[in-house]
Amino acid sequence: QMYRVEMDHDEITITIMDDHGNYSDLIINSFDDIVYIRQFEDDKKIPHAIAISPQQWEELIASFQSHEGFFKTVNRKKNV
């Protein structure tokens, strides 16, 4: 599999490509306050889009390594 990561001053763009050409590229646009997950249909210029919070994105990533069950994440940042 191939993917590309691009970083701009306020955005991270991740593009995940299907090596076999069966699916359109999966594009993740991450900002400080929102994450968009998009995929374009081959025959149209309009993307299918899902908008989630950065916290939901972090939980999605964490869930890939979790076992079955219900989990609650805790923000452990200390106030300075």
Side-chain angles (χ1 to χ4, degrees):
Q1 296 290 35
M2 293 178 28
Y3 64 92
R4 175 178 63 216
V5 178
E6 301 171 83
M7 296 181 186
D8 198 357
H9 67 280
D10 64 345
E11 175 185 10
I12 297 172
T13 300
I14 302 166
T15 304
I16 302 169
M17 294 153 256
D18 176 25
D19 293 346
H20 302 288
N22 296 323
Y23 301 97
S24 297
D25 294 351
L26 180 65
I27 303 165
I28 295 100
N29 298 102
S30 178
F31 300 89
D32 288 340
D33 59 345
I34 195 164
V35 176
Y36 292 103
I37 302 170
R38 302 183 303 149
Q39 189 173 42
F40 288 87
E41 290 184 23
D42 288 335
D43 59 342
K44 298 180 182 176
K45 300 285 184 191
I46 300 171
H48 294 280
I50 297 170
I52 62 176
S53 72
Q55 293 78 20
Q56 287 175 297
W57 174 253
E58 292 297 324
E59 289 177 354
L60 174 64
I61 299 302
S63 73
F64 295 146
Q65 301 297 320
S66 296
H67 57 288
E68 184 177 13
F70 183 80
F71 302 89
K72 180 177 180 180
T73 56
V74 177
N75 186 353
R76 298 193 182 265
K77 291 182 180 178
K78 293 182 179 181
N79 293 336
V80 177

- Close side-chain approach of Glu6 and Glu11, heavy atoms under 4.5 Å: no

- Of all the heavy-atom pairs spanning Asp18 and Asn22, show the shortest one and how long it is. OD2-N, 2.6 Å

- ILVMFWY cluster, Val5 and Ile37 together (side-chain gap under 4.5 Å): yes

- Query: Nearest 0.5 Å, what's the OG1-CD1 distance between Thr15 and Ile27?
  - Reply: 5.0 Å

- Item | For Arg4 against Met17, the heavy-atom pair lying closest together | N-CE, 4.0 Å

- Item | Side-chain donor or acceptor of Gln39 paired with backbone N/O of Ser24 under 3.5 Å | yes

- Task: Grab the two heavy atoms, one from Ile12 and one from Met7, that are nearest each other, plus how far apart they are.
- Result: CG1-CG, 4.2 Å

- What are the two closest heavy atoms between Ser30 and Val35, and how far apart are they? OG-CG2, 3.8 Å

- Note on the structure: Interatomic distance, CG@Asp8 vs OG1@Thr13, rounded to 0.5 Å, equals 8.0 Å

- Same apolar cluster (I L V M F W Y, side chains within < 4.5 Å links), Phe71/Phe64: no

- Task: Find out if a path of hydrophobic residues (ILVMFWY) with successive side-chain heavy-atom gaps under 4.5 Å connects Tyr23 to Ile16.
- Result: no

- Answer yes if Ile28 and Ile52 sit in the same cluster of Ile, Leu, Val, Met, Phe, Trp and Tyr residues linked by side chain heavy atoms under 4.5 Å apart, and no otherwise. yes

- Message: Tell me whether Asp32 at atom CG has more than 12 heavy atoms from other residues, nucleotides or ligands lying less than 6.0 Å away.
- Response: no

- Counting N and O atoms only, with roles assigned by atom type, does the side chain of Gln56 sit under 3.5 Å from a partner on the main chain of Ser53, one being a donor and the other an acceptor? yes

- Task: Would you indicate whether Ile61, at its atom CD1, is surrounded by more than 12 heavy atoms from other residues, nucleotides or ligands within a distance under 6.0 Å?
- Result: yes

- What closest approach, in Å, do Asn29 and Arg38 show between heavy atoms, and which atom pair accounts for it? OD1-NE, 3.2 Å

- Any link between Phe31 and Trp57 through a network of hydrophobic side chains (Ile, Leu, Val, Met, Phe, Trp, Tyr) touching at under 4.5 Å? no

